[in-house]
K.L.:
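First, the structure itself, so that you have it in front of you.
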Amino acid sequence: MKLALFGLVAVMAAFLIYVRFGPEDVSVYHRIPVAGDVDDVQAIGGFIARRDATASQASHLDKIIQNSPRTERISGSIEEGLVTYRSRTRWIGFPDYINLAFGGGEIIIEGRLRFGRSDIGVNRKRIESWLEAAGLLTQAP
C-alpha cells in the first residue's frame, strides 16, 4: 500500500514538474488567431475576441497584458503585428497561451490552454478584463 501511494505521489510530482518546466515550442503557439465573422467566440479550451483598435490602443493593451500577474511575452511585438504571451495559473502553473494580432485597424486576441480540454472560462475572463482595462470591452455599433 505504501509503495502504491509513493508511486502515485511520484507520478503527480513528475506531472507538476513537467507542467511548470517542460519543453515549449513557441512556433506551435505563435500564430495569428482566426476569429471568423463574430466579435467574441467561446471555443473549446479558449476564447477569441475581435475589436476595432488603433495602433495606440493595441500598444496600450500590450502593456496591460505584460503587466498582468504571471504573464510574459514569449514572442513577437505589436510592431510585427503578432504577439504571443504565456500566462500561468497561480498554484500549479498551468500555462495558457495568448495571441494578440494587430493590423487593418483591428485586434484579434485569443487565449487557449495547453493542457486539458476545458479552461472553465479562465481565458474569457482574463481577456475581457484586459479589454475592459484598455477601454475595448464593448464594440461600438
Side-chain angles (χ1 to χ4, degrees), residues 1-140:
M1 181 67 171
K2 287 183 181 181
L3 186 60
L5 182 59
F6 177 75
L8 179 62
V9 169
V11 167
M12 289 175 56
F15 174 71
L16 294 176
I17 289 169
Y18 181 78
V19 164
R20 180 64 80 164
F21 302 108
E24 174 179 82
D25 182 357
V26 175
S27 67
V28 171
Y29 306 104
H30 188 64
R31 61 178 173 78
I32 296 175
V34 178
D37 295 332
V38 295
D39 290 334
D40 294 343
V41 177
Q42 182 71 49
I44 294 174
F47 179 72
I48 302 171
R50 176 188 17 222
R51 298 290 188 273
D52 294 333
T54 64
S56 65
Q57 288 173 314
S59 293
H60 181 59
L61 181 58
D62 175 57
K63 288 177 184 149
I64 290 167
I65 294 170
Q66 288 187 67
N67 288 321
S68 297
R70 300 172 308 281
T71 302
E72 63 181 321
R73 180 191 302 187
I74 59 173
S75 189
S77 69
I78 289 295
E79 294 74 30
E80 293 172 23
L82 178 61
V83 188
T84 300
Y85 314 88
R86 178 183 49 244
S87 189
R88 292 189 179 273
T89 60
R90 178 174 297 165
W91 301 109
I92 297 177
F94 283 110
D96 288 336
Y97 294 91
I98 300 97
N99 289 22
L100 174 61
F102 173 69
E106 72 175 8
I107 58 162
I108 301 173
I109 184 168
E110 174 187 30
R112 64 196 178 286
L113 51 77
R114 177 175 178 186
F115 298 104
R117 299 186 78 172
S118 174
D119 70 347
I120 324 168
V122 169
N123 281 296
R124 179 180 202 132
K125 183 178 176 184
R126 179 185 297 130
I127 288 171
E128 287 180 343
S129 73
W130 290 337
L131 291 172
E132 182 175 30
L136 297 168
L137 182 58
T138 57
Q139 185 70 58

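What you see is a predicted model; the values in this text were computed from it and never measured. When reading the values below, keep in mind they use all heavy atoms of this one structure, side chains included, and skip hydrogens, waters and symmetry mates.
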K.L.:
List the atom of Ser87, the atom of Pro69, and the distance in Å for their closest heavy-atom pair.
P.N.:
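Result for this residue pair: OG-O, 4.3 Å.
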
K.L.:
Mind checking whether Asn99 and Ile32 have side chains closer than 4.5 Å, heavy atoms only?
P.N.:
no

K.L.:
Can you list every salt bridge (charged side-chain N to carboxylate O under 4.0 Å, His left out) pair that touches residues 73-83, not counting sequence neighbours?
P.N.:
Asp62-Arg73

K.L.:
Kindly compute the distance separating CG (Asn67) from CD (Glu72), expressed to the nearest 0.5 Å.
P.N.:
13.0 Å

K.L.:
Once side-chain hydrogen bond (donor to acceptor under 3.5 Å, both in side chains) is applied, do any residues pair with Gln57, and if so which ones, sequence neighbours excluded?
P.N.:
Thr54

K.L.:
Could you tell me which residues satisfy side chain to side chain contact (heavy atoms under 4.5 Å, CB included) with Glu106, sequence neighbours excluded, listed by chain and number?
P.N.:
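By the side chain to side chain contact (heavy atoms under 4.5 Å, CB included) rule, Glu106 matches Arg50, Asp52, Ile108.
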
K.L.:
Once rounded to the nearest 0.5 Å, what's the spacing between atom CD of Glu128 and atom CD1 of Ile109?
P.N.:
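Nearest 0.5 Å value for the CD-CD1 distance: 11.0 Å.
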
K.L.:
Does Phe47 have any ring-ring contact (aromatic ring centres under 6.0 Å, His included) partners at least two apart in sequence or in another chain, and if so, which?
P.N.:
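So Phe47 forms no ring-ring contact (aromatic ring centres under 6.0 Å, His included) with any residue.
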
K.L.:
In the structure I gave you, are the side-chain heavy atoms of Leu131 and Ile107 within less than 4.5 Å of one another anywhere?
P.N.:
yes

K.L.:
Kindly indicate, with the supporting measurements, whether the criterion side chain to side chain contact (heavy atoms under 4.5 Å, CB included) is fulfilled by Ile127 and Ile48.
P.N.:
CA-CA 8 Å; Ile127 288 171; Ile48 302 171; over 6 Å; no

K.L.:
Search all heavy atoms of Arg51 against all heavy atoms of Leu137 and return the closest pair with its distance.
P.N.:
NH2-O, 2.7 Å

K.L.:
Enumerate the residue pairs fulfilling salt bridge (charged side-chain N to carboxylate O under 4.0 Å, His left out) with a member in residues 112-122, sequence neighbours excluded, ordered by first and then second residue.
P.N.:
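Every salt bridge (charged side-chain N to carboxylate O under 4.0 Å, His left out) pair that includes a residue of residues 112-122, provided the two are not neighbours, is Glu110-Arg112.
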
K.L.:
Do any N or O atoms from the side chain of Ser68 and from the backbone of Ile64 form a donor-acceptor pair under 3.5 angstrom?
P.N.:
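Looks like yes, one N/O pair under 3.5 Å.
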
K.L.:
If the plane angle is over 60° it's perpendicular, under 30° parallel, otherwise tilted; pick one for Phe15 and Phe94.
P.N.:
tilted

K.L.:
Could you tell me which non-hydrogen atom of His60 sits nearest to which non-hydrogen atom of Ala134, and how far apart they are?
P.N.:
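Scanning both residues, the minimum pair turns out to be CD2-CA, 3.7 Å.
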
K.L.:
Can you name the nearest heavy-atom pair linking Leu82 to Pro33, along with the distance?
P.N.:
CD1-CD, 4.4 Å

K.L.:
Evaluate Trp130 against Thr71 for side chain to side chain contact (heavy atoms under 4.5 Å, CB included), listing each step before the verdict.
P.N.:
CA-CA 12 Å; Trp130 290 337; Thr71 302; 4.2 Å; yes

K.L.:
Find out whether Arg70 and Thr89 are in side-chain contact, i.e. whether some heavy atom of one side chain is under 4.5 Å from a heavy atom of the other.
P.N.:
no

K.L.:
Only counting residues at least two apart or in another chain, list the ones meeting ring-ring contact (aromatic ring centres under 6.0 Å, His included) with Tyr29.
P.N.:
Tyr97

K.L.:
Would you say Leu8 has more than 12 foreign heavy atoms packed within less than 6.0 Å of its CG?
P.N.:
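Above 12, so yes.
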
K.L.:
Considering all heavy atoms of both residues, which atom of Ala58 and which atom of Phe102 are nearest to each other, and what is their separation?
P.N.:
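Taking every non-hydrogen atom into account, CB-CD1, 3.6 Å.
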
K.L.:
List the atom of Gly45, the atom of Asn123, and the distance in Å for their closest heavy-atom pair.
P.N.:
O-ND2, 4.0 Å

K.L.:
Any side-chain heavy-atom pair from Asp96 and Arg126 closer than 4.5 angstrom?
P.N.:
yes

